[in-house]
Protein chains: 2
Amino acid sequence: MPVSDLTNSAQDYLKLIWTATEWSATPITVTVLAERMGVRPSTVSDSIKKLKDQGLLTHAPYGTIELTPAGSAHAVDMVRRHRLLETFLVQVLGYGWDEVHDEAEVLEHAVSDTMIERIDQRLGHPTRDPHGDPIPSADGQPHRPGAIQLCHAEPEGEVTVVRISDADPAMLRYFSDIGLTPDVKLTIQKQRPYTDATTITLSGQQKNVDLGQAASNAVWVTNS
Amino acid sequence: MPVSDLTNSAQDYLKLIWTATEWSATPITVTVLAERMGVRPSTVSDSIKKLKDQGLLTHAPYGTIELTPAGSAHAVDMVRRHRLLETFLVQVLGYGWDEVHDEAEVLEHAVSDTMIERIDQRLGHPTRDPHGDPIPSADGQPHRPGAIQLCHAEPEGEVTVVRISDADPAMLRYFSDIGLTPDVKLTIQKQRPYTDATTITLSGQQKNVDLGQAASNAVWVTNS
DNA sequence: CATCCAAGTTCGGCAAGACTAACATTGAAG
DNA sequence: CTTCAATGTTAGTCTTGCCGAACTTGGATG
């Protein structure tokens with residue numbers, strides 16, 4: 001069954017479930033899914049049941065939600081589409097990297113497999129999107145090991161930003177404004193485990209910046 | 001009300017009604033609309049009623065269907081989207097001019113106004129799409145005067161192809177194969193009013209080609 | 001000018017995807 | 001071990017877009 005046989009909303013659920021476990025191992029819940037999809041939990045319950053009937057995920061009532069290999073394959077396909085489209089919008093149409101998420105969110109359901117292939121070719125088979133997320137190749141792919149969220153990093157000299165979650169456009173705009181983008185190096189000044197604040201300095205700038213909980217959750221770094 | 005407030009199917013109806021009168025003056029019927037939309041006539045009746053309630057067209061039962069200025073504006077917007085997208089697919093992603101219709105048909109509902117503007121800019125504000133159809137500028141626009149269908153043209157020396165209807169992908173592929181594309185010059189050898197055949201010679205080629213009814217209906221030419 | 005048929009319309013129903021309200025389960029705190 | 005709030009599920013309803021079946025119209029034909 002090709003991914004295009006699924007409804008847009010089924011594609012969104014699969015992508016969301018897959019993405020939730022890409023960078024952290026905690027399984028996704030109905031409530032979180034409802035928030036991200038912008039629907040009520042009851043709607044999610046219904047939808048999950050249908051996806052289960054199609055063999056795309058496993059789910060016992062009140063239990064955890066997990067993708068089957070088939071569901072995972074569809075999800076990876078959608079993620080690949082999304083990230084290739086984001087890259088395309090930035091490189092070919094001059095979008096800012098903080099503007100592409102919503103556009104790609106819609107386009108990923110509309111473009112044909114053929115168009116995705118042509119975009120991939122045109123871009124020279126890129127491996128990372130504008131936020132630093134890895135672009136799955138036509139099959140599956142492993143995710144970046146060794147990256148941690150900024151809020152969990154130790155204050156120990158310089159780290160490199162490898163990805164910035166594209167979930168919140170307003171936040172992306174803020175990061176863009178202060179020059180915090182993928183591949184940039186920064187120094188963690190203070191890390192206070194039981195408060196919100198992480199203080200950082202971007203390489204080559206004088207000024208310190210305080211990032212709140214949400215912000216320091218959205219930024220992933222590696223040592224070096 | 002922006003065009004994006006309409007459902008996809010409403011956008012399709014408006015575009016189809018507008019397009020039907022772009023090159024010929026005969027008003028569109030419910031049956032034709034049903035065929036082009038791939039739905040039953042009863043569905044068209046229902047939909048027309050809704051569009052009428054929204055003030056986008058006028059229609060007395062069993063009467064003709066005509067767009068209001070508001071409906072026409074939305075329709076032109078969709079046509080602009082479609083033709084800009086076709087041009088983009090050909091020029092930027094290397095599609096053949098005979099492959100773009102179906103892709104554009106889907107994308108026109110998915111891309112944002114912003115993306116359309118960026119595409120327009122990127123292409124240098126083109127005025128004709130790959131099939132020779134005029135691309136409406138951001139407001140309305142008049143259509144090409146003086147063009148006639150090949151099947152109505154007199155055999156009188158050389159004419160220039162100005163447009164090829166993009167309704168039938170298989171036919172487009174055929175035209176592409178024999179080198180019959182927009183801007184090409186050709187000579188009409190025979191024109192037999194009460195039969196199917198039109199015989200033409202493409203400039204610079206030896207061979208004559210016979211075009212059937214449907215084919216010679218789809219090609220529009222001007223003298224000179 | 002009466003008739004009849006193709007074209008158009010109305011009506012009841014169905015599936016998808018959403019909602020609200022009410023009900024069920026789980027597990028954490030006492 | 002009990003209780004209860006948060007989380008998840010079920011049931012019933014709405015809207016949209018489609019269908020088939022049955023009905024209405026109006027113009028071409030004799």
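Residue numbering restarts at 1 for every chain, and letters A, B, ... go by the order of the sequence lines.
- The OG1 atom of B:T64 sits 4.5 Å away from atom CD of B:E66, with the distance rounded to the nearest 0.5 Å.
- Nearest to the side chain of A:S47, among C:dA18, D:dT9, D:dC18, sits C:dA18.
- Atom-to-atom, CD1 of B:I48 to P of C:dT9 comes out at 8 Å; the value is rounded to the nearest Å.
- Nearest nucleotide to the side chain of A:H59, out of D:dT9, C:dC19, C:dT10: D:dT9.
- In the set D:dT9, D:dC19, C:dG8, the nucleotide with an atom closest to the side chain of A:V30 is D:dT9.
- With respect to B:D113 and B:R81, a salt bridge is recorded, a charged nitrogen being found less than 4.0 Å from a carboxylate O.
- Across the protein-nucleic acid pair, B:D53 atom CG and D:dT16 atom C1' stand 14 Å apart, rounded to whole Å.
- Between the side chain of B:Y62 and the base of D:dT24, at least one donor-acceptor pair of N or O atoms lies under 3.5 Å.
- No hydrogens or angles considered: a donor-acceptor pair under 3.5 Å links the side chains of A:D12 and A:H109.
- Counting to the nearest Å, the P atom of C:dA16 and the CG atom of A:N8 are 15 Å from each other.
- Listed candidates were D:dT10, D:dT16, C:dA16. Nearest to the side chain of B:T7 is D:dT16.
- A:R83 places no side-chain N or O within 3.5 Å of a backbone atom of A:H131 that could act as its donor or acceptor partner.
- Judged by closest nucleotide on DNA chain C, A:R40 is the one of A:R40 and A:P61 placed further toward the 5' end.
- For the residue pair A:E105 and A:H101, a side-chain donor N or O sits within less than 3.5 Å of a side-chain acceptor on the partner.
- Between B:K50 atom NZ and D:dT16 atom P there is a gap of 7 Å when expressed in whole angstrom units.
- Residue A:I28 contributes atom CD1, which lies 15 Å from atom C1' of D:dG8 at whole-angstrom precision.
- For the pair A:T43 and C:dA18, the criterion of a side-chain N or O lying under 4.0 Å from OP1 or OP2 is not met.
- Distance A:K49 NZ to D:dA11 P: 8 Å, rounded to the nearest Å.
- When distances are taken from the side chain of A:T31 to each of D:dT7, C:dC11, D:dT9, the shortest belongs to D:dT7.
- At a cut-off of 3.5 angstrom, counting only N and O atoms as typed in the model, there is no donor on one side facing an acceptor on the other between the side-chain of A:S42 and the base of D:dG8.
- Look at OH on A:Y13: it is 9 Å from C1' on C:dG17, rounded to the nearest Å.
- If you take CD of A:Q11 and C1' of C:dG17, they are 15 Å apart, rounded to a whole angstrom.
- When distances run from any side-chain atom of B:V39 to the nucleotides D:dC18, D:dT9, C:dG8, the shortest one goes to D:dC18.
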